Amino acid sequence: MPITRHSKKRIYTKAKGTVYSLPHDEEERDRLTLQNSILLKTYDNRVLHAPVELSDNDWVLDSGSGTGIWLQDLAQQTAAKPVYVGIDIEPALTPEPLFLPQNMKFETHSVTNLPAQWTNRFTVVHQRLLIAALRRQEWEQAIDEIYRVLKPGGWVQLFEMKVWTSGPTLAKQLELMYQHSDTMGTMWRDITQRLPDFLQRSGFVNIREDVRRTPLGAWADQDGVDGSANMLGLMEGLKLHVLDGGGYGIVKTEAEYDNLTEQVLKELDSTPGSGINWSMFLAQKPFCRY
C-alpha cells in the first residue's frame, strides 16, 4: 500500500543543506509560543540563567531564534540595554523590525558558520531546541562557533529535550521519531548525553546541567494539557517527513499516523506520571586558554 501524503498543507524551510524537519508557519508559531511558556514556568520564570549581569556594553546572541520570543522576554527582564542579535536559517517567523527596540535585530545565519567579525564579541549565547536541526558533525561545528564568538569569560546557555515517558504507545511514537532522526542524521536519541563532551572538547569550562520535568496529560490539569498540546503539535509538524520516509515500519499511512497520535494523547491523559525531561546546559569560555 502506498504512503498517503500529508493532507494538511504546512510550510517548511527552503534553506539549502538543512535537515530541519519542522514547519515555519503560523501553526508552528503558536506551538513555539506555548513551548516558550512551558519552559519559562518550568525554569522559575527566568529567561537568563547564566551568572551574568548584563550591561549596555554587552552583546547577546540567540541562535535558532525562531519567533524571537526568547530575546524579547530577556529584554523585558533586563534593565540594561545590551545589543540583542537573533539568528536563524529561516526568517519566516522573525519579528517585523518595525516592532523591535533599537538594540535588537535579527539576521539570517547558520550557527555552524557565524560571521568572522563576531569573534570574541558576545557575553551570552543562547540556543534552544535545535534537536531537529543539526546533524552530529554540525553540532560539533556549532559548539565550536559558539565558543569562538563568545568573549573570554562569556557563557553559553543551551536547552534540549531529554526524554518523554508514559507507556507503550508513547514509546512506539518515540521510536518512530528516533528512526526518522537516525535517517536524517540528527541526534534525538542522545544529544543531551553528548553535549557535555562537545562543550568540553571545544574548550568550555564550568559545565553544568539542570534537568527539570514537566507533566504530560490531563491528569496534571492545565500544565499537563499544555504539555500534551506542545508534544502533539511537534508530532503533527514531523508527519510529512515521517511519511515521506516510508513510516519506518511503524506506520504505513497518514491515517495510521494520526491514529497513533490520538492513542498517545489517550495514554498521556490516563497515565499519571507521564512527562518530559528537559536539560539546560550552562558553560563558560575561559578568560585565558592555555
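Model, not experiment: these values are computed from the prediction.
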Gln77 (side chain) donor-acceptor with Val47 (main chain) under 3.5 angstrom: yes
Residues Arg29, Glu26; criterion salt bridge (Lys or Arg N to Asp or Glu O under 4.0 Å); working and verdict: CA-CA 5 Å; Arg29 184 191 299 275; Glu26 290 306 308; 3.1 Å; yes
Derivation of the side-chain contact (heavy atoms from CB on, under 4.5 Å) call for Thr214 and Asp223: CA-CA 8 Å; Thr214 54; Asp223 287 347; over 6 Å; no
Under 3.5 Å side-chain donor-acceptor pair for Thr261 and Asp258: no
Value rounded to 0.5 Å, distance of CG in Asp56 from CG in Asn103: 8.5 Å
Asp88 versus Ser65, side-chain donor and acceptor atoms under 3.5 Å: no
Heavy-atom side-chain proximity of Met187 to Leu195 below 4.5 angstrom: no
Criterion ring-ring contact (aromatic ring centres under 6.0 Å, His included) on Trp155 and His126, from CA distance to verdict: CA-CA 9 Å; Trp155 288 83; His126 170 265; over 10 Å; no
Heavy-atom donor-acceptor pair, Thr119 side chain to Ala116 backbone, under 3.5 Å: yes
Trace of the ring-ring contact (aromatic ring centres under 6.0 Å, His included) decision for His24 with Tyr12: CA-CA 5 Å; His24 286 82; Tyr12 294 84; 8.2 Å; no
Tyr20 backbone acceptor or donor facing Thr18 side chain under 3.5 Å: yes
Charged N-O contact under 4.0 Å between Glu107 and Lys105: yes
Pair Arg135-Ser181, side-chain donor/acceptor within less than 3.5 Å: no
Glu145 versus Gln141, side-chain donor and acceptor atoms under 3.5 Å: no
Shared hydrophobic cluster for Val156 and Ile207 (ILVMFWY, side-chain gaps under 4.5 Å): yes
Flag if over 12 foreign heavy atoms under 6.0 Å of NZ, Lys172: no
Heavy-atom pair of closest approach, residues Gln127 and Ile146: OE1-CD1, 3.9 Å
Single-linkage hydrophobic cluster, 4.5 Å side-chain cutoff, Ile87 and Leu130 together: yes
Exam field: side chain Thr186 to backbone Trp188, donor-acceptor pair closer than 3.5 Å: no
side-chain contact (heavy atoms from CB on, under 4.5 Å) evaluation trace for Trp164 with Met177: CA-CA 12 Å; Trp164 298 331; Met177 298 176 69; 3.3 Å; yes
salt_bridge(Lys9, Asp25) N-O dist < 4.0 Å: no
Spacing of CG belonging to Leu39 relative to CG belonging to Leu34, to within rounding of 0.5 Å: 9.5 Å
Within 45° cone and under 6.0 Å: Arg212 NZ/CZ vs Trp278 ring: no
Gln117, CD: over 12 other non-hydrogen atoms inside 6.0 angstrom: yes
Cluster link Ile69 to Phe159, ILVMFWY, side chain under 4.5 Å: no
Distance, nearest 0.5 Å, that separates CE of Met231 from CG of Leu265: 8.0 Å
Test item: Val242 and Leu176 side chains (from C-beta on) under 4.5 Å apart, heavy atoms: yes
Full working for ring-ring contact (aromatic ring centres under 6.0 Å, His included) between Phe198 and Phe204: CA-CA 9 Å; Phe198 293 163; Phe204 283 98; over 10 Å; no
Under 3.5 Å side-chain donor-acceptor pair for Ser279 and Glu160: no
Atom pair OH/CZ of Tyr84 and Phe106 - distance to nearest 0.5 Å: 11.0 Å
Minimum side-chain heavy-atom gap Arg201-Asp144 below 4.5 Å: yes
Asp58/Ser55 under side chain to side chain donor-acceptor pair (under 3.5 Å): CA gap, chis, key distance, verdict: CA-CA 6 Å; Asp58 288 315; Ser55 71; 3.2 Å; yes
Min side-chain heavy-atom separation Val149-Leu61 under 4.5 Å: yes
Salt bridge present between Lys41 and Asp226 (N-O < 4.0 angstrom): no
Polar side-chain atom of Thr183 near backbone of Gln179 as donor-acceptor pair, under 3.5 Å: yes
Gln72 side, atom CD; Asp62 side, atom CG - distance, nearest 0.5 Å: 10.0 Å
Donor + acceptor pair across side chains of Arg128, Asn36 (<3.5 Å): yes
Minimal non-hydrogen separation, Glu28 against Arg10, with atom names: N-NH2, 3.7 Å
Distance in Å, Leu260 CG paired with Ile250 CD1, rounded so as to fall on 0.5 Å steps: 8.0 Å
Qualifying residue for side-chain contact (heavy atoms from CB on, under 4.5 Å) with Leu48, from Val124, Val60, Thr78: Val124
Side-chain (Gln157) to main-chain (Met280) donor-acceptor, under 3.5 angstrom: no
Minimum-distance pair of heavy atoms, taken over all atoms of Lys285 and Leu150: NZ-O, 2.6 Å
Heavy-atom pair of closest approach, residues Leu243 and Tyr257: CD2-CB, 4.5 Å
Donor-acceptor contact present, side-chain Glu209 to main-chain Phe281, <3.5 Å: no
Nearest heavy-atom neighbours spanning Leu54 and Ala80: O-CB, 3.4 Å
N/O donor-acceptor pair under 3.5 Å between Asp269 side chain and Gly217 backbone: no
Atom of Thr67, atom of Pro95 and distance for their closest heavy-atom approach: O-CG, 3.1 Å
same_hphob_cluster(Leu174, Leu234) at 4.5 Å side-chain heavy-atom cutoff: yes
Backbone of Lys162 reached by a side-chain donor or acceptor of Asn277 within 3.5 Å: no
Arg31 with Glu27: basic N within carboxylate O range, under 4.0 Å: no
Under 3.5 Å donor-acceptor, Trp59 side chain and Arg121 backbone: no
Ile89 side chain near His109 side chain, heavy-atom distance below 4.5 Å: no
Flag for His180-Tyr248: side-chain donor and acceptor within less than 3.5 Å: yes
Lys239 with Glu236: basic N within carboxylate O range, under 4.0 Å: yes
In one Ile/Leu/Val/Met/Phe/Trp/Tyr side-chain cluster, 4.5 Å: Met235, Leu129: yes
